[in-house]
Amino acid sequence: MTILVTGATGNVGRQIVNQLLESGHHVRALTRNPSTAKLPEGVEVVYGDLTEPKTLAPALNGVTGIHLITFNSDGYTPLQTGPEIVELAQKAGVRRVTVLWNGENGPVERAMEASALGWTFLQPVEFMSNALGWAESIRLEGIVREPYGNSPSAMIHVADIADVAVAALVGDSHAGKTYTLTGPEVLTVFDKVRILSAAIGRDIRFVELTEDQARERMREQGAPGDAIDFVLGWYANPPKSAYTVVPTVEQVTGHPARTFAQWASENVQYFKNP
């Protein structure tokens, strides 16, 4: 069985690659830059670009399962090539596909739903790894600056997303299902800072930004106006699904979802001065 992983150099993709490899599966990793992929020995790294479906045919040869991202990594805009990708996958004899949701039902999802493929949609909420965005300010100043300190999130460990993806790629009972994926607890920004403080053994001060301050910071970082509106709107008034814990990870994998404290202990090196 050959399984193709797209987005193989991303946070979730790397986890899926590693888990499949450790389970003894033949893993083919798709990337636009094979020479810089830095994936484990034993992974077949191939060139391909999801925005140019004609580049995918060689990568799909002999593939039975695909982990598919749904966005263009250059700007995280939804892929518009869903119908072409689905057609190529069906011609290649692909049986199972996991589709990593990017927050909306886009061209990839719609094409998949209309196909004969055994698709499984993965809909994770906020990634725990987003906290790495605080690493520099914690190391240098011992400070986290964010708006909406009480904004709740049932954030998830990317390894749990990968666990569910692998189960769906190698098992027979997941086709046609949509899995909402959360961690085991609801945390505010204040909670996350407290847990990180305990993990690194150092007090971290939280500075709550106003919306205007947060908006200006995002503009300085080059974020477009519509993205700023979306992100700040989300954290100001998150949808109920973003802070409702569901047991999907344990139901699919047999183990409880990992906690943010576990994630923090695994990543303390990023938050401590050398």
For this session: Would you name the heavy atoms of Val186 and Pro152 that are closest together and state the gap between them?
Result: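 Looking at all heavy atoms of both residues, the closest pair is CG1-CB, 3.7 Å.
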
Exercise. Which heavy atom of Ala29 sits nearest a heavy atom of Val43, and at what distance?
Worked result: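 Shortest heavy-atom contact: CB-CG1, 3.7 Å.
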
How about [X] and [Y]: do any of their side-chain heavy atoms sit closer than 4.5 Å?
X	Y	value
Leu100	Thr6	no
Val27	Val5	yes
Thr182	Thr244	no
Arg96	Met1	yes
Leu117	Val86	yes
Asp229	Arg215	yes
Gln15	Ile161	no
Leu50	Arg32	no

Taking atom [atom1] of [X] and atom [atom2] of [Y], what is their separation to the nearest 0.5 Å?
X	Y	atom1	atom2	answer
Arg28	Thr2	CZ	OG1	5.0 Å
Ile156	Ser129	CD1	OG	10.5 Å
Thr98	Leu122	OG1	CG	5.5 Å
Arg145	Gln213	CZ	CD	10.0 Å
Glu141	Arg205	CD	CZ	8.5 Å
Met112	Thr120	CE	OG1	10.0 Å

Give a yes or no answer on whether the side chain of [X] reaches the backbone of [Y] with a donor-acceptor pair at less than 3.5 Å.
X	Y	answer
Glu208	Gly149	yes
Gln262	Thr259	yes
Thr81	Glu84	no
Ser137	Ile143	yes
Thr55	Glu52	yes
Thr178	Phe121	no

Exercise. Ion pair present between Arg139 and Glu136, side-chain N to carboxylate O less than 4.0 angstrom?
Worked result: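 Answer for the salt bridge query: no.
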
Exercise. Salt-bridged, Asp191 to Arg194, with N to O below 4.0 Å?
Worked result: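 Judged by the 4.0 Å cut-off on N to carboxylate O distance, Asp191 and Arg194 do form a salt bridge.
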
Exercise. Any ring-ring contact (aromatic ring centres under 6.0 Å, His included) pairs touching residues 4-58, not counting sequence neighbours?
Worked result: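 Applying ring-ring contact (aromatic ring centres under 6.0 Å, His included) to every pair that reaches into residues 4-58, excluding sequence neighbours, yields nothing.
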
Exercise. Side chains of Glu146 and Trp134: donor-acceptor distance under 3.5 Å anywhere?
Worked result: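 Looking only at side-chain atoms, Trp134 and Glu146 do form a donor-acceptor pair, the distance falling under 3.5 Å.
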
Exercise. Does a donor on one side chain and an acceptor on the other come within less than 3.5 Å for Asn33 and Thr31?
Worked result: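 Result is no, nothing qualifies.
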
For this session: Assess whether atom CZ of Phe206 is packed by more than 12 heavy atoms of other residues, nucleotides or ligands within 6.0 Å.
Result: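 Above 12, so yes.
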
Problem set entry | Neighbour count above 12 (heavy atom, 6.0 Å) for Asn273 CG |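 Yes, the 6.0 Å shell around CG holds more than 12 heavy atoms from other groups.
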
Exercise. Partners of Glu22 by salt bridge (Lys or Arg N to Asp or Glu O under 4.0 Å), sequence neighbours excluded?
Worked result: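 Not a single residue meets the salt bridge (Lys or Arg N to Asp or Glu O under 4.0 Å) criterion with Glu22.
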
For this session: Mind checking salt bridge (Lys or Arg N to Asp or Glu O under 4.0 Å) for Arg202 and listing every partner two or more places apart, or none if nothing turns up?
Result: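 Once residues adjacent in sequence are excluded, Arg202 has no partner under the salt bridge (Lys or Arg N to Asp or Glu O under 4.0 Å) criterion.
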
